[in-house]
Amino acid sequence: MGKEGAGTAAARKQLRRLETFLDVAYAVLFVDFIMYLPHTEDMAWADLPYGLLSLLLDNSLDLLRLIIAVGLTLISWNLTHKLLGPLERTDPRHTLLALLQLIFVCLFLFFAIADPELASLSSPVGQCLSLALSGFIGIAGWSYARKKGLTRPELSETEKDEVLRSAIIEPVTALLNTGFAFVGPGAWTAGWFVIPVFLVTARGRLERRKQPAMVRKS
């Protein structure tokens, strides 16, 4: 095996190690969320009318935001795999971008845990900006990897373009939802559901408009 072949094999191994590290890091984040479920150690819930169900109902708003935080972390994890999956190997610069992406996900977790009731405007704004920056850094890492030829050789240019198009929705959603944070916690919470639906619908309409134009050109 020549030096180039050995270097490629090492870069592939580095990519596998990077993916494993990121999976473990996200697993730790998910475990952290469990700590913020309603406390049950003192058995005080036993005196409530519906037991544990009453405990959940009394903390329903916090639970909703906890579910959203878990969902957003899951989406970030999925985005990471969406951008790493098409790669054949990595290099130090791309690895650095992937780790920086994870740092901003951790920063999102900090804002989400520090102020689950959204008492301060800094919490929803910080969560949105952290996820937006994380997503855009991930996209920058993908663009760099594509430029440097780190992607799998069997991928067509169309498939590479599709990776970018499918990955852009997450950070754009987070960025747009920053504005809803200034409206109020309710609007901000609803924004996580409404904005991606709007973006996906708008993208579908745009693609349907492009198809007749492409047929006429051909």
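Along the sequence shown, residues carry numbers from 1. As the structure is a computational prediction, the values presented were derived from the model and not from experiment.
Atom CZ of F30 and atom CG of L109 lie 10.5 Å apart (nearest 0.5 Å). Separating the CZ atom in F198 from the CZ atom in R203 is a distance of 14.5 Å, to the nearest 0.5 Å. Taken to the nearest 0.5 Å, the CG atom of L84 stands 9.0 Å off from the CG atom of L79. To the nearest 0.5 Å, the span separating OG on S166 from CG on D161 amounts to 11.0 Å. Here SG of C128 is found 11.0 Å from CG of L133. Values are rounded to the nearest 0.5 Å. Separation of atoms NE2 (H81) and CG (L22) is listed at 7.0 Å; rounding is to 0.5 Å.
Neither L72 nor I137 shares a network with the other; the hydrophobic side chains, linked directly or stepwise wherever heavy atoms of I, L, V, M, F, W or Y lie under 4.5 Å apart, form separate groups for each. Note: the hydrophobic cluster containing I139 also contains V200 (ILVMFWY, side chain heavy atoms under 4.5 Å, direct or indirect links). Note on V172: it clusters hydrophobically with V163, by side-chain heavy-atom contacts below 4.5 Å among ILVMFWY residues. Put simply, L15 and F21 are part of the same group of oily side chains (I, L, V, M, F, W, Y) that touch within less than 4.5 Å, one to the next. A continuous path of ILVMFWY side-chain contacts below 4.5 Å connects L175 to L164, so both sit in one hydrophobic cluster.
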Passes side chain to side chain contact (heavy atoms under 4.5 Å, CB included), L131 versus S76? Steps please. CA-CA 8 Å; L131 289 180; S76 297; 3.5 Å; yes

Please step through side chain to side chain contact (heavy atoms under 4.5 Å, CB included) for the pair I68 and F193, ending with a clear verdict. CA-CA 10 Å; I68 292 175; F193 300 96; 4.0 Å; yes

Side chain to side chain contact (heavy atoms under 4.5 Å, CB included), that's the test. Do W77 and V105 meet it? Break it down for me. CA-CA 9 Å; W77 175 69; V105 174; over 6 Å; no

Starting from the C-alpha separation in whole Å, work towards a yes-or-no answer on side chain to side chain contact (heavy atoms under 4.5 Å, CB included) for S130 and F111. CA-CA 9 Å; S130 296; F111 284 111; 3.8 Å; yes

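For K82 and E162, the salt-bridge test fails: no basic side-chain N is under 4.0 Å from an acidic carboxylate O.
Contact record, P124 with L118: CD-CD2, 3.9 Å, taken as the closest heavy-atom pair. The minimum heavy-atom distance linking A174 with A132 is given by the pair CB-N, 3.7 Å. Smallest separation of non-hydrogen atoms from R16 and E88: NH1-O, 4.3 Å. Across all non-hydrogen atoms, the minimal contact from T158 to R165 is O-NH2, 4.2 Å. Residues T90 and H94 share a closest heavy-atom pair of OG1-ND1, 2.7 Å. Heavy-atom minimum distance, R89 versus R12: CB-N, 3.7 Å.
Heavy atoms of other residues, nucleotides or ligands lying less than 6.0 angstrom from CZ of R17 number 12 at most. At most 12 heavy atoms of other shown residues, nucleotides or ligands fall within 6.0 angstrom of atom CZ in R93. Summarising the local packing, CZ of F136 is surrounded by more than 12 heavy atoms from other residues, nucleotides or ligands at distances under 6.0 Å.
Using a 4.5 Å heavy-atom threshold, the side chains of L99 and L18 count as touching. Side-chain atoms of Y26 and L102, non-hydrogen and from C-beta on, do get closer than 4.5 Å to each other. Taking the side chain as every heavy atom from C-beta outward, F108 and T73 approach each other to under 4.5 Å. Considering only heavy atoms from C-beta on, F182 comes within 4.5 Å of V125 through its side chain.
Between the S156 side chain and the E159 main chain, a donor and an acceptor come within less than 3.5 Å of each other. Without hydrogens or angle criteria, D115 side chain to S120 main chain gives a donor-acceptor distance under 3.5 Å. Between the side chain of T151 and the main chain of L87, no donor-acceptor pair closer than 3.5 Å is present.
Listed by chain and number, the residues in a side-chain contact (heavy atoms from CB on, under 4.5 Å) with T173 are I169, W192, I195, P196, L199 (sequence neighbours excluded). W142 pairs by the ring pair (Phe, Tyr, Trp, His ring centres under 6.0 Å) definition with nothing, not counting sequence neighbours.
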